There are 2 protein chains.
Amino acid sequence: MGQGTLAAVAEPKYWHLRTVLLRTMDTEFSTGQVLPNERELSARFGVARATLRQALDQLELEGRLVRRRGIGTLVAAPRVGVPVAGPEGGRSGAVHGGPDWKVVDCTTGPASAALARTLNLAEGEQVHTVRRMRVVQGVTVAAESLHVPSAALPHLAVVVDGNDRARGVLRQLERVGVDGESRSVELGVAESAEAALLERPPGTPVLVVTTQYAAAGRLAAVAVSTYRADTCKLTFGESGVAVQVAAEVKAAAVS
Amino acid sequence: MGQGTLAAVAEPKYWHLRTVLLRTMDTEFSTGQVLPNERELSARFGVARATLRQALDQLELEGRLVRRRGIGTLVAAPRVGVPVAGPEGGRSGAVHGGPDWKVVDCTTGPASAALARTLNLAEGEQVHTVRRMRVVQGVTVAAESLHVPSAALPHLAVVVDGNDRARGVLRQLERVGVDGESRSVELGVAESAEAALLERPPGTPVLVVTTQYAAAGRLAAVAVSTYRADTCKLTFGESGVAVQVAAEVKAAAVS
DNA sequence: TAGTGGTCTAGACCACTCT
DNA sequence: GAGTGGTCTAGACCACTAT
């Protein structure tokens with residue numbers, strides 16, 4: 001009896017389940033509430049636990065629920081809007097980071113083949129790498145590696161180590177005058193290092209933001225930022241509309 | 001014998017498998033080549049097929065391979081860079097679409113509660129909805145719904161239907177003068193309608209780009225675009241760096 | 001210790017594509 | 001018809017969190 005008797009629906013069971021669960025969540029549950037456990041849900045819907053989990057996987061990918069080992073499955077809060085390019089478009093304080101960036105460490109070494117390629121350098125040239133994380137409202141939303149060729153920072157004193165060096169790199173980069181940014185966004189999964197910073201298991205879906213910083217017409221630095229896809233909505237705002245959006249939010253709150 | 005004898009690795013089997021497969025793909029396979037079938041791979045690595053598939057799921061999410069029913073599992077080509085905000089930042093021809101947007105249909109009707117909220121309207125107000133898809137190099141990369149309140153287009157003659165109306169809406173929207181854009185990007189899954197347009201099964205991961213268009217300080221339209229996450233890398237370019245990037249690509253091609 | 005989600009297995013059938 | 005990936009099942013054990 002390998003499989004279904006109710007066939008002829010053309011729609012996979014897990015997809016139909018997802019729809020039903022979504023409706024249930026919207027009508028009978030609220031943010032933060034725990035759903036019945038997987039064994040009970042699968043029994044209730046008359047499917048194998050694996051099939052139920054496939055439906056939950058979808059909803060988790062959509063950011064609609066959060067699963068915590070040992071705890072249960074919770075209805076997720078709406079995603080946080082995380083500004084990636086500020087209203088200023090990166091003109092002033094491009095590499096800034098504002099208050100929510102925390103430096104993790106800083107290393108200097110020869111560029112790998114892949115890194116040399118993206119930085120348009122010869123393999124083995126010295127590159128500073130600043131690893132940092134972005135913490136918004138107590139939650140780590142992103143891990144980043146910022147790569148800067150030593151050659152781009154002629155006035156950097158490489159005497160200090162660790163966080164001091166990171167500060168030096170960021171300050172010098174600011175000083176050379178970043179005058180342009182180019183970004184790309186794609187889907188990826190967190191490898192072990194980033195996963196640890198993001199407090200998530202390896203394989204967690206992330207939005208990979210690659211930012212190329214230009215200074216004096218040349219590529220001065222590349223930042224690879226991985227944002228938690230479950231909790232983040234990346235925003236690329238312009239002030240003109242931002243005002244309008246704020247008005248909307250207010251209106252929605254009233255209604 | 002429920003599970004493993006080789007335990008004590010702390011790393012899930014499927015994650016380790018992913019790493020091994022990734023290395024194998026990079027060294028022994030090239031773009032477009034088909035991997036051994038799932039039954040053979042699972043036997044070769046001594047795991048259940050479901051476990052192997054979990055590893056393949058990861059690699060597919062990363063855009064490293066493509067699975068085709070009835071055909072096999074292929075090594076994917078690198079993701080295509082798809083410009084979302086052009087160098088002009090949307091100032092001229094914001095809703096343009098360029099040559100690669102194809103109108104699917106156009107409807108006019110009362111706004112749902114959710115839509116009214118995002119458009120900052122009262123529920124039930126008339127809204128034009130243009131559905132279109134973006135085709136790059138013969139591949140459909142995105143499906144979009146562009147919502148425009150009727151009230152924002154006072155000079156639109158609503159006599160024609162279908163594609164003619166779509167053209168009218170786009171032209172009128174252009175005419176009222178869009179003077180600002182605000183975007184967000186988040187992870188989602190394709191529902192049945194979009195999935196069909198994207199030629200993918202429901203549940204396919206997509207990058208959801210929500211664009212708010214402002215005209216005269218007011219929200220004039222909202223576009224929800226779903227880009228295939230497997231094949232697309234969204235780019236938000238600025239001309240200054242774009243030149244540099246082109247140089248890079250050339251350099252990489254030579255090496 | 002009890003309960004939860006996470007991983008893994010072995011086997012089955014279905015839907016699709018090619019020859 | 002043969003071969004592929006897609007779906008589904010029933011059951012087991014593991015890792016974690018609470019009490």
Side-chain angles (χ1 to χ4, degrees), chain A residues 1-18 21 33-61 65-76 189 195 199-205 230, chain B residues 1-18 21 33-61 65-76 189 195 199-205 230:
Chain A
M1 205 267 289
Q3 175 193 350
T5 51
L6 287 176
V9 278
E11 198 179 45
K13 264 188 190 177
Y14 75 86
W15 184 254
H16 181 243
L17 243 185
R18 165 196 168 274
L21 286 169
Q33 211 170 344
V34 305
L35 300 180
N37 71 55
E38 297 184 349
R39 287 161 181 90
E40 179 176 338
L41 281 177
S42 57
R44 182 181 304 180
F45 289 108
V47 299
R49 193 177 153 216
T51 303
L52 171 79
R53 279 181 62 79
Q54 220 174 334
L56 295 180
D57 285 343
Q58 292 281 349
L59 292 169
E60 191 176 31
L61 207 60
L65 53 80
V66 179
R67 294 192 273 190
R68 295 208 192 130
R69 189 188 292 219
I71 305 288
T73 302
L74 294 75
V75 178
V189 304
E199 296 161 349
R200 299 254 45 190
T204 299
D230 55 348
Chain B
M1 203 265 290
Q3 178 195 349
T5 51
L6 286 175
V9 276
E11 197 178 47
K13 265 188 190 177
Y14 74 87
W15 184 253
H16 181 243
L17 245 185
R18 165 197 167 274
L21 286 169
Q33 211 169 344
V34 305
L35 301 180
N37 72 56
E38 297 184 347
R39 287 161 181 89
E40 180 176 337
L41 281 176
S42 56
R44 182 180 305 181
F45 289 108
V47 300
R49 193 178 153 216
T51 303
L52 170 78
R53 279 181 61 78
Q54 220 174 334
L56 295 180
D57 285 344
Q58 294 279 351
L59 292 169
E60 191 177 32
L61 208 60
L65 53 82
V66 179
R67 293 192 274 189
R68 294 207 193 133
R69 189 189 291 217
I71 306 288
T73 303
L74 294 75
V75 178
V189 303
E199 298 161 348
R200 301 254 44 190
T204 300
D230 55 348

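We name chains A, B, ... by the order of the sequence lines, and we start the count at 1 in each one. Note that this is a predicted model, so its numbers are computed, not measured. These numbers come from the heavy atoms of this one structure, side chains and all, not from hydrogens, waters or symmetry mates.
- Rounded to whole angstrom, the span from the CZ atom of A:R18 across to the P atom of D:dT7 amounts to 14 Å.
- Picking from C:dT9, C:dG6, D:dG6 the nucleotide with the shortest atom distance to the side chain of A:R67 gives C:dG6.
- Between the P atom of D:dT7 and the CD atom of A:E11 lies a distance of 12 Å, rounded to the nearest Å.
- Contact between the side-chain N/O atoms of A:K13 and the OP1/OP2 oxygens of D:dT9 is found at a separation under 4.0 Å.
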Quick one: which protein N/O atoms are closer than 3.5 Å to N/O atoms of nucleotides 1-4 of chain C? Pair and distance per line, please.
| from | atom 1 | to | atom 2 | distance (Å) |
| --- | --- | --- | --- | --- |
| C:dG3 | N2 | A:G70 | O | 3.4 |
| C:dT4 | OP1 | A:N37 | ND2 | 2.7 |
| C:dT4 | OP2 | A:N37 | ND2 | 3.1 |
| C:dT4 | O2 | A:G70 | N | 3.2 |

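- Not counting sequence neighbours, the partners of A:V66 by the side chain to side chain contact (heavy atoms under 4.5 Å, CB included) test are A:R68, A:A76.
- To the nearest 0.5 Å, the span separating CG on A:L65 from CG on A:D230 amounts to 10.5 Å.
- For B:R53, whose side chain is taken as the heavy atoms from C-beta onward, the closest listed nucleotide among D:dC8, D:dG5, C:dC8 is D:dG5.
- Residues passing the salt bridge (charged side-chain N to carboxylate O under 4.0 Å, His left out) test with B:R49 are B:E38, sequence neighbours excluded.
- When the P atom of C:dT7 is taken as reference, atom CG of B:L52 falls 15 Å away, rounded to whole Å.
- In this structure A:E60 satisfies the side chain to side chain donor-acceptor pair (under 3.5 Å) test together with A:R67, sequence neighbours excluded.
- Where B:L35 and A:R49 each meet DNA chain D at their nearest nucleotide, the meeting point lying more 5' is that of B:L35.
- Spacing between atom CD of A:E40 and atom P of C:dG5 amounts to 10 Å, rounded to whole angstrom units.
- In this structure, the CD atom of A:Q54 is 8 Å from the C1' atom of D:dC8, given to the nearest Å.
- We find that NE2 of B:H16 is positioned 19 Å from C1' of C:dG6, with the value rounded to whole Å.
- Separating the CD atom of B:E199 from the P atom of C:dC16 is a distance of 15 Å, rounded to the nearest angstrom.
- In this structure, A:D57 CG and A:L52 CG are separated by 9.5 Å, a value rounded to the nearest 0.5 Å.
- Residue A:Y14 places at least one side-chain N or O closer than 4.0 Å to OP1 or OP2 of D:dT7.
- Take B:E40 and apply the side chain to side chain donor-acceptor pair (under 3.5 Å) test, not counting sequence neighbours, and it matches B:R44.
- Contacts of B:V189 classified as side chain to side chain contact (heavy atoms under 4.5 Å, CB included), with partners at least two apart in sequence or in another chain: A:W15, A:R18, A:Q58, A:L61, A:E62.
- Separating the CG atom of B:L74 from the C1' atom of C:dT17 is a distance of 13 Å, rounded to the nearest angstrom.
- Residue B:T51 has no polar side-chain atom (N or O) positioned under 4.0 Å from OP1 or OP2 of C:dT7.
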